[in-house]
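So the structure is just underneath, and the comments pick up after that.
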Amino acid sequence: MTYEEFKEKVTSYGQEHLIKLYERLDEKGKAKLLSQVAGIDFDGVRKLFELTKEKKEFKDFKIEPVEATDASALSEEQKNEYIEIGTEAIKNGKLAVVMMAGGQGTRLGHSGPKGTYEFGLDGHTTIFETYIRQFKEAEEKYGVAVPWYIMTSKDNNMETIEFFYNHDYFGYEEGIKTFFSQNELPMLDEEGRLIVGEDGLIKEAANGHGGVFEALVSNGVLEQFKQKGIEWVFICGVDNILARVIDPLALGYSIKKGLLATSVSCIKANPEEKVGVLCIKDGKPSVVEYTELTDELRYAKKENGELLLSEGHLLMNLFNVNVISDIAKEELPYHVAHKKSDIVDEEGNVIKPDSPNAYKFETFIFDAFDRLPVLGVLRYKREECFAPIKNAEGVDSPETARKLYKDYYKL
Ligand code: UTP
């Protein structure tokens, strides 16, 4: 893109502030900004800004509870059958794990990738390392190194790769396959202007965990799955250290029931818990995020006194590879997050806000659920599957997760 093209483009989209900011950059910075602007879909940016003015109303939807299979209520016979089917599939190399580690982890406040955070198990164990236990146990048990793919953001990709390299892949080099980055979207200020950071470039942020489908396709990972005969992919977040990443029961359950996807859930601890809930929205599988749940729905009860919407969505979902390419064909809806972000103004001053001043746009993995004919839901007891690390202290913190982890593994 030439300077003239840049000027014309940003002017026609009301982004003239970039011109002054451009002038302040050195030659290298100028070239970078031009190439950034060339890659931005300005009509798309306009549409994203329109979203910030929309108010989400759930009262227009019919929200019903989802049916779940309680793993602890299965008969021994049924459970064994599922486990046997799942075990066979794992032994035949049909399962892979995709861990989504592209988040910013702002609440935790750790400066590196969240997976590199030492959560204090024995002084130095990092989040990434905790999963190695499951991978190695599975390798011993099933005789295969279940492939582990890690999704990063453009921001933390190099640091994540270096971390594994510096730790000799925790002895699991055979299984750790690929690090692949998800896409980014520009951040906007409250007037819809592209935000510029201290480096003089447009600030972009990872496009949410829903970006995993597109990233699997565009990075050729889905193709790799097909070539390797991988049929099932367990996609989870990086920050639940009790995530059941290799679970023959969930896999066998999905295969036996002819499902294309299964979500592993547990019952919400209380109505206020900050976790999305699985539900049926207008007849289709869905999740209502905790930030989007109205009080009416949050506290609604069934006739028997139980919470109406209690099936927590834990970001642990098993997908058949065939549905991933279908899902990736169509964009997922965007959600708006109002965040605090340092901004460089036209005069080159760095503005450090006290309250949210910036919009970030994300897609969510569960918005793909309504593209499935049916979603299996397999419920575990909370203490068997959920120890999230979200906050630096208090609820869902390293301290609470450490306790849950130690209790589960009897350490
Ligand atoms: P969260 O929604 O908890 O976000 O992500 P976060 O970025 O980790 O933390 P906060 O909100 O800034 O404090 C849940 C999971 O989804 C992944 C995260 O890495 C985490 O494992 N994720 C989130 C991505 O991989 N990419 C994203 O763009 C967003």
Side-chain angles (χ1 to χ4, degrees), residues 64-75 78-90 92-100 134 138 142 146-149 209-210 212-213 216 222 225 230-237 240 242-268 275-281 283-288 309-328 332 364-382 384-386:
E64 297 164 289
V66 71
E67 248 182 61
T69 300
D70 188 337
S72 64
L74 290 171
S75 68
Q78 184 68 93
K79 200 165 168 175
N80 290 339
E81 189 193 4
Y82 291 151
I83 291 177
E84 210 174 290
I85 296 170
T87 301
E88 198 54 26
I90 297 171
N92 289 328
K94 307 238 177 274
L95 177 72
V97 174
V98 169
M99 191 165 280
M100 301 181 294
Q134 288 190 63
Y142 309 119
V146 173
W148 184 13
Y149 294 78
H209 44 64
V212 66
F213 300 111
L216 284 171
L222 190 65
F225 291 159
I230 291 166
E231 292 177 5
W232 291 90
V233 190
F234 181 75
I235 307 184
C236 62
N240 169 14
L242 281 184
R244 306 171 71 92
V245 294
I246 301 164
D247 184 1
L249 176 60
L251 184 54
Y253 168 84
S254 310
I255 296 172
K256 175 76 187 180
K257 294 209 162 247
L259 296 161
L260 293 173
T262 292
S263 194
V264 172
S265 71
C266 75
I267 295 291
K268 268 176 83 167
V275 65
V277 280
L278 288 149
C279 65
I280 301 292
K281 185 164 114 189
K284 297 202 172 135
S286 186
V287 166
V288 184
L309 299 176
S310 59
E311 214 67 57
H313 174 253
L314 313 178
L315 213 55
M316 286 199 272
N317 299 298
L318 191 58
F319 288 91
N320 186 285
V321 290
N322 293 325
V323 289
I324 295 179
S325 38
D326 286 345
I327 291 171
L332 291 171
F364 294 156
I365 194 168
F366 48 75
D367 280 326
F369 290 168
D370 66 4
R371 299 177 186 182
L372 300 162
V374 54
L375 172 74
V377 178
L378 184 63
R379 180 198 303 146
Y380 280 99
K381 291 195 182 105
R382 197 177 180 83
E384 295 172 334
C385 68
F386 197 42

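Since the structure is predicted, the reported quantities are computational estimates derived from the model, not experimental observations. The first residue in the sequence is number 1, and the count goes up from there.
- Here the options are Arg382, His313, Glu311, Arg379, the test is side chain to side chain donor-acceptor pair (under 3.5 Å), and the partner is Ser265; only Glu311 passes.
- Residues Asp370 and Ser286 form no side-chain contact, since every pair of their non-hydrogen atoms from C-beta on lies 4.5 Å or further apart.
- Here the OH-OG1 distance, from Tyr82 to Thr87, works out to 14.5 Å after rounding to the nearest 0.5 Å.
- Applying the ring-ring contact (aromatic ring centres under 6.0 Å, His included) test between Phe319 and each of Phe225, Phe213, Phe234, Phe366 identifies Phe213 as the sole match.
- Contact of the Leu222 side chain with the Val233 side chain is not registered, since no non-hydrogen atoms from C-beta on lie closer than 4.5 Å.
- Counting only heavy atoms from C-beta outward, the side chains of Leu249 and Lys79 approach each other to under 4.5 Å.
- You'll find the side chain of Phe369 reaches within 4.5 Å of the side chain of Leu278, heavy atoms only.
- Side-chain contact between Lys268 and Val277: present, with at least one pair of heavy atoms (C-beta onward) separated by less than 4.5 Å.
- The shortest heavy-atom contact between Met100 and Leu315 is CE-CG, 3.8 Å.
- Considering every non-hydrogen atom in both Ala250 and Val264, the closest pair reads CB-CG2, 4.3 Å.
- When side chains are defined from C-beta on, Met99 counts as touching Val245, because their heavy atoms get closer than 4.5 Å.
- When only modelled atom types and interatomic distance are considered, Tyr253 and Thr262 share no side-chain donor-acceptor pair under 3.5 Å.
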